[in-house]
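The model shown is predicted, which means the values in this text are computed figures rather than measured ones. All chains are named by letter (A, B, ...) in the order of the sequence lines, taking the proteins before the strands, and each is independently numbered beginning at 1.
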There are 2 protein chains.
Amino acid sequence: MAYEELKLEHQLCFKIYALHRELMAAYRPLLDELGVTYPQYITLLYLWEYEEATVGQLCNALGLDTGTVSPLLKRMEVNGLVAKRRLVSDERTVMVSLTERGKALEEEARSIPSHMASCLFGDDETGARSLASVLDQTIRQLVETRKQ
Amino acid sequence: MAYEELKLEHQLCFKIYALHRELMAAYRPLLDELGVTYPQYITLLYLWEYEEATVGQLCNALGLDTGTVSPLLKRMEVNGLVAKRRLVSDERTVMVSLTERGKALEEEARSIPSHMASCLFGDDETGARSLASVLDQTIRQLVETRKQ
DNA sequence: CTCTGTTACATTGTACACAACATAATGCCC
DNA sequence: GGGCATTATGTTGTGTACAATGTAACAGAG
């Protein structure tokens, strides 16, 4: 007896929410082998690319706030993946860098993107690009709207 | 110096992850007015449509496990949105139904879908449908892969 | 009727995610 | 150089998520 527009099956948000969780579930077995979670994995992706970053840069790049990133980095430090040091030039700023163990994981991670691509698209090459462009477009629109 | 395939910007997963969080952020102010979170909102969507459901049916429909749904329902019960009762025919089964207050929220929620649609797509009507179909396709592929 | 496996749900433990607040270092205005 | 807003990060509290485990109720085999 619900209003048509409120039916669960019509909600785009729910598809995005569901896809997000399916995706995390698909990554989990791969990331378990590296001993990291998904948010830790994307933190590593950033650090593999830029060598080191401040906490603030990581928050910005990943779109997460300090309440998420700060304890996440603490766990990664405990697990020996990253090291933290305060800048001499500004004692407020914490610079995060990879340990040898953190760097070494990059080799083990190399196979993940292509493996995940096949999980997401099977053999459909064009599907990936069309999903990417639609997602970019939608995120842009959302961010746009939020800023007003 | 990272491998090209491991750069953050190339990761489709990250776009989905980011979109998911942007979307939750966009919903938050609307749902705050109803006094519910997003997972509670989709639980209400289901109950508005089907009147009542067992815990298991909700887990299935929402794709969440009992460890998530069980405490979520407990909070909704405390907030006076749902009621729970055990079936006489099977004392293991818990039936969840809406309270008057839970039913009343449906009216207040009616404006949410169209409001969110404009946040997601601006004026672009076709964007919604193309995103929906790409998401459906991708979820199907992921679920397919997971089952093997 | 009893034993045993299964089912439905709840609980525990770990890890996000974010709002709100706390803290310490910096920069700047005078 | 003292006061003060700002900045960078950390902490607290609430609410997901999910794996693993617990528990009571049910369902059949013998």
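Considering only side-chain atoms of Arg21(A), the nucleotide from dC18(D), dT16(D), dT9(D) that sits closest is dC18(D).
Atom P of nucleotide dC26(D) and atom CD of Glu91(B) are separated by 6 Å, given to the nearest angstrom. Rounded to whole Å, the distance from CG on Asp90(B) to C1' on dA27(D) is 10 Å. We find that CG of Leu72(B) is positioned 16 Å from P of dT14(D), with the value rounded to whole Å. Distance CG (Leu64(B)) to P (dA19(D)): 12 Å, rounded to an integer number of Å. For Leu58(A) and dG10(D), the CG to C1' distance is 15 Å, given to the nearest whole Å. Nucleotide dA8(D) holds its P atom 13 Å from the CZ atom of Arg86(A), rounded to whole Å. With rounding to whole Å, Leu31(A) atom CG is found 14 Å from dA19(D) atom P. Between Met76(B) atom CE and dG15(D) atom P the separation is 12 Å, expressed in whole Å.
At a threshold of 4.0 angstrom between heavy atoms, the contacts of Asp65(A) include nucleobase atoms, whether or not backbone atoms are also involved. Arg75(B) comes within contact range of at least one nucleobase, with a heavy-atom separation under 4.0 Å. Thr93(A) comes within 4.0 angstrom of sugar-phosphate atoms only, judged by non-hydrogen atoms across all strands, and of no base.
When each of Gly67(B) and Val69(A) is assigned the nucleotide of DNA chain D bearing its nearest heavy atom, the one mapping closer to the 5' terminus is Val69(A).
For dG15(D), neither phosphate oxygen OP1 nor OP2 lies less than 4.0 angstrom from any side-chain nitrogen or oxygen of Lys74(B). Between Tyr17(A) and dA17(D) there is a side-chain polar atom (N or O) within less than 4.0 angstrom of OP1 or OP2. Side-chain nitrogen and oxygen atoms of Ser70(A) include at least one within less than 4.0 Å of the OP1 or OP2 phosphate oxygen of dG10(D). Contact annotation: Gln40(B) reaches the phosphate of dT16(D) (side-chain N/O to OP1 or OP2, under 4.0 Å).
For the pair Arg110(A) (side chain) and Tyr3(B) (backbone), a donor-acceptor distance under 3.5 Å is absent. Using a distance-only test at 3.5 Å, with no hydrogens or angles considered, no donor-acceptor pair links the side chain of Asp136(B) to the main chain of Ile139(B). Between the Arg86(A) side chain and the Arg92(A) main chain, a donor and an acceptor come within less than 3.5 Å of each other. No donor-acceptor distance shorter than 3.5 angstrom exists from the side chain of Gln40(A) to the backbone of Leu73(A), with no hydrogens or angles considered.
Looking at residues two or more places apart in sequence or on another chain, you find a ring pair (Phe, Tyr, Trp, His ring centres under 6.0 Å) between Tyr41(A) and Tyr27(A).
Going from atom CD of Gln137(B) over to atom CG of Leu120(A) covers 11.0 Å, rounded to the nearest 0.5 Å.
Closest heavy-atom contact between Leu142(A) and Ala26(B): CD2-CB, 3.7 Å.
Put simply, chain A comes within 4.0 Å of DNA chain C, heavy atom to any atom, from dA15(C) to dT26(C), going 5' to 3'.
Remark: Glu100(B) engages Lys103(B) in a salt bridge, criterion side-chain N to carboxylate O under 4.0 Å.
Counting atom types as modelled, Thr37(B) pairs no side-chain N or O with a base atom of dG15(D) as donor and acceptor under 3.5 Å.
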